[in-house]
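What follows is one structure encoded as structure tokens, with my remarks underneath.
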There are 2 protein chains.
Amino acid sequence: MKVSAQEEYGLRCLLQLARLSPGESLTLGQIAEGEGISQANAGKLMWLLNKAGLVASTRGTKGGYALARSAEEIHLSDIIKVLDEDMLEGHCKSYTGLQEICVHTGDCGIRPVLISLHEIVQSALERITLAQLTDTESNVDQALYQIHVGMSRGVARDIPSPKHVRS
Amino acid sequence: MKVSAQEEYGLRCLLQLARLSPGESLTLGQIAEGEGISQANAGKLMWLLNKAGLVASTRGTKGGYALARSAEEIHLSDIIKVLDEDMLEGHCKSYTGLQEICVHTGDCGIRPVLISLHEIVQSALERITLAQLTDTESNVDQALYQIHVGMSRGVARDIPSPKHVRS
DNA sequence: GGCAATCCTTACTTTTAAGTCAAGATTGCA
DNA sequence: TGCAATCTTGACTTAAAAGTAAGGATTGCC
Ligand code: FES
Ligand code: FES
């Protein structure tokens with residue numbers, strides 16, 4: 001289970017835009033430089049995000065990118081849905097081995113695991129907005145830690161020790 | 001965020017072994033056939049799991065694979081750790097763009113997100129054993145749903161409606 | 001209108017993950 | 001002992017993701 005390059009870089013680019021003052025915008029070149037990636041690569045990412053309606057682009061000289069809505073209204077789940085193309089396109093549509101369809105026709109013990117896992121991740125991402133990430137790292141970390149603790153309460157035993165977070 | 005082929009197939013192979021009666025074992029050919037994958041591919045997966053100490057192999061005729069410990073003692077988190085090689089090898093060790101090291105030297109808003117996400121997934125997987133997955137799909141689904149609801153209590157508002165689960 | 005800055009789009013190349021192959025090693029059995 | 005069944009291992013091939021390149025389209029400014 002891992003975060004793809006597209007997801008991570010896309011998120012990072014959006015975070016740059018979220019830090020702008022209202023009315024400001026960034027060009028592809030600026031975004032690329034800000035993340036240390038090529039302009040071509042940044043272009044592809046912004047194209048995806050634009051197509052999905054998360055950012056607004058202006059063409060021509062003086063053009064650039066800005067968030068399409070305020071950072072408070074953009075949840076990480078929205079972003080990941082866009083950048084992770086085939087997110088859960090039905091379990092066993094993808095990994096079917098040699099056959100056309102999965103061998104586990106009826107009863108499958110894996111399916112609920114993958115589905116639930118996906119929902120759990122989605123639940124967590126829905127609780128975080130882009131705006132929250134513009135804070136300092138230690139504050140972001142603390143907020144995230146609260147979500148984890150919150151999610152794990154009720155079934156909880158052992159929450160991993162807080163990392164950078166002072167209780 | 002997605003589950004890799006190795007993770008899924010590996011988990012499925014292990015699940016076959018978990019369904020065996022004590023003392024029984026399966027050969028590579030049987031495992032491969034059971035999942036609809038090639039024997040070569042199954043061999044590679046079992047090799048990984050064997051190296052990690054999750055399964056025990058016997059060589060020679062009458063050989064085969066069995067779980068190294070009881071299915072009740074194997075948590076999904078153990079399995080995923082083995083099959084997902086470079087799981088979280090430090091944020092920004094992998095995606096460094098064009099530079100050698102990440103541009104976000106000090107303060108980073110993304111890092112806590114990735115770390116927390118990883119911990120949340122891990123928390124969920126630690127609560128599920130292989131043995132639980134040998135039940136019928138609807139029972140597994142119900143058990144998993146309980147974990148999700150449990151995790152989301154406290155911060156919760158909107159839990160996605162139960163799917164196959166009757167309340 | 002013309003030019004420069006910028007975004008848009010498609011096709012291509014590179015890199016990485018996934019899967020295959022073939023030769024070797026170990027065991028059980030006759 | 002010799003053979004057949006099985007796992008082991010590393011190198012190889014193929015498929016998918018990531019990243020690049022190049023030309024087209026739109027806008028603002030003079
Ligand atoms: S339906 Fe294919 S493994 Fe679950
Ligand atoms: S340290 Fe590189 S993006 Fe966070």
Side-chain angles (χ1 to χ4, degrees), chain A residues 1-13 17 24-33 35-66 68 83-87 89 93-99, chain B residues 1-13 17 24-33 35-66 68 83-87 89 93-99:
Chain A
M1 195 116 211
K2 74 194 288 196
V3 173
S4 72
Q6 249 188 58
E7 291 171 284
E8 167 152 352
Y9 285 135
L11 186 52
R12 278 162 63 174
C13 291
L17 298 183
E24 288 183 323
S25 70
L26 291 178
T27 76
L28 268 184
Q30 292 173 310
I31 293 173
E33 188 183 12
E35 293 306 334
I37 62 180
S38 76
Q39 180 162 328
N41 199 359
K44 187 190 206 172
L45 294 170
M46 297 314 289
W47 176 62
L48 284 170
L49 294 167
N50 185 33
K51 212 174 45 167
L54 286 176
V55 304
S57 68
T58 329
R59 300 220 266 196
T61 175
K62 298 285 174 190
Y65 293 93
L83 296 170
D84 188 8
E85 32 221 348
D86 47 20
M87 194 152 184
E89 55 182 13
K93 291 293 179 301
S94 25
Y95 304 140
T96 61
L98 302 169
Q99 270 75 47
Chain B
M1 194 113 211
K2 76 195 291 195
V3 173
S4 72
Q6 248 186 57
E7 291 170 283
E8 168 153 351
Y9 286 136
L11 187 52
R12 279 161 64 174
C13 292
L17 297 183
E24 288 183 323
S25 71
L26 291 178
T27 77
L28 267 183
Q30 292 173 309
I31 293 173
E33 188 184 12
E35 293 307 333
I37 61 179
S38 76
Q39 181 163 328
N41 200 0
K44 188 189 203 170
L45 294 170
M46 297 312 289
W47 176 63
L48 283 170
L49 294 167
N50 184 32
K51 211 173 45 164
L54 286 176
V55 304
S57 68
T58 329
R59 299 220 265 197
T61 175
K62 298 286 176 188
Y65 293 93
L83 296 170
D84 188 10
E85 31 221 348
D86 46 21
M87 194 154 185
E89 55 182 14
K93 292 295 179 301
S94 25
Y95 304 139
T96 61
L98 303 170
Q99 271 74 48

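In what follows, every heavy atom counts, from backbone to side chain, and hydrogens, waters and symmetry copies are set aside. In what follows, chains are A, B, ... by sequence order, proteins preceding strands, each numbered from 1.
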Spacing between [X] atom [atom1] and [N] atom [atom2], to the nearest angstrom:
X	N	atom1	atom2	answer
B:Ile37	C:dT20	CD1	C1'	12 Å
B:Lys51	D:dG10	NZ	C1'	12 Å
A:Leu28	D:dT20	CG	P	14 Å
B:Leu83	C:dA18	CG	C1'	14 Å
B:Lys62	D:dC7	NZ	P	13 Å
B:Gln30	D:dT6	CD	P	8 Å
B:Leu49	D:dC7	CG	P	14 Å
A:Asn41	D:dA17	CG	P	16 Å

Checklist entry - Looking for any heavy atom pair under 4.0 Å, which part of the strands does A:Gly64 touch: base, sugar-phosphate only, or nothing? => result sugar-phosphate

Checklist entry - With distance as the sole criterion, do the side chain of B:Lys44 and the base of C:dG19 form a donor-acceptor contact below 3.5 Å? => result yes

Checklist entry - Under 4.0 Å: is that the gap between some side-chain N or O of B:Lys2 and OP1 or OP2 of D:dA17? => result yes

Checklist entry - Counting only side-chain N and O atoms of A:Ser57, is one of them less than 4.0 Å from OP1 or OP2 of C:dC8? => result yes

Looking at the side chain of [X], which of [options] is the nearest nucleotide?
X	options	value
A:Asn50	D:dA21, C:dT20, C:dC8	C:dC8
A:Thr27	C:dT6, D:dT8, D:dG19	C:dT6
A:Trp47	D:dT6, C:dC29, C:dT9	C:dT9
A:Ala40	D:dT9, D:dT6, D:dA21	D:dA21
B:Ala5	D:dG19, C:dT20, C:dG19	C:dG19
A:Arg59	C:dC8, D:dT8, D:dG19	C:dC8

Item to check | Atom pair CG (B:Leu17) and CG (B:Leu54), whose distance is rounded to the nearest 0.5 Å | outcome: 10.5 Å

Checklist entry - CD of A:Gln39 to CD of A:Glu33: how many Å apart, nearest 0.5 Å? => result 10.5 Å

Heavy-atom side-chain proximity of [X] to [Y] below 4.5 angstrom:
X	Y	answer
A:Ser57	A:Met46	no
A:Tyr65	A:Ser25	no
B:Lys2	A:Ser4	no

Next on the checklist: Quick check on DNA chain D: between B:Gly43 and B:Gly63, whose nearest nucleotide comes earlier from the 5' end?
Outcome noted: B:Gly63

Item to check | Closest-nucleotide 5' rank along DNA chain C - winner of B:Thr61 and A:Tyr65 | outcome: A:Tyr65

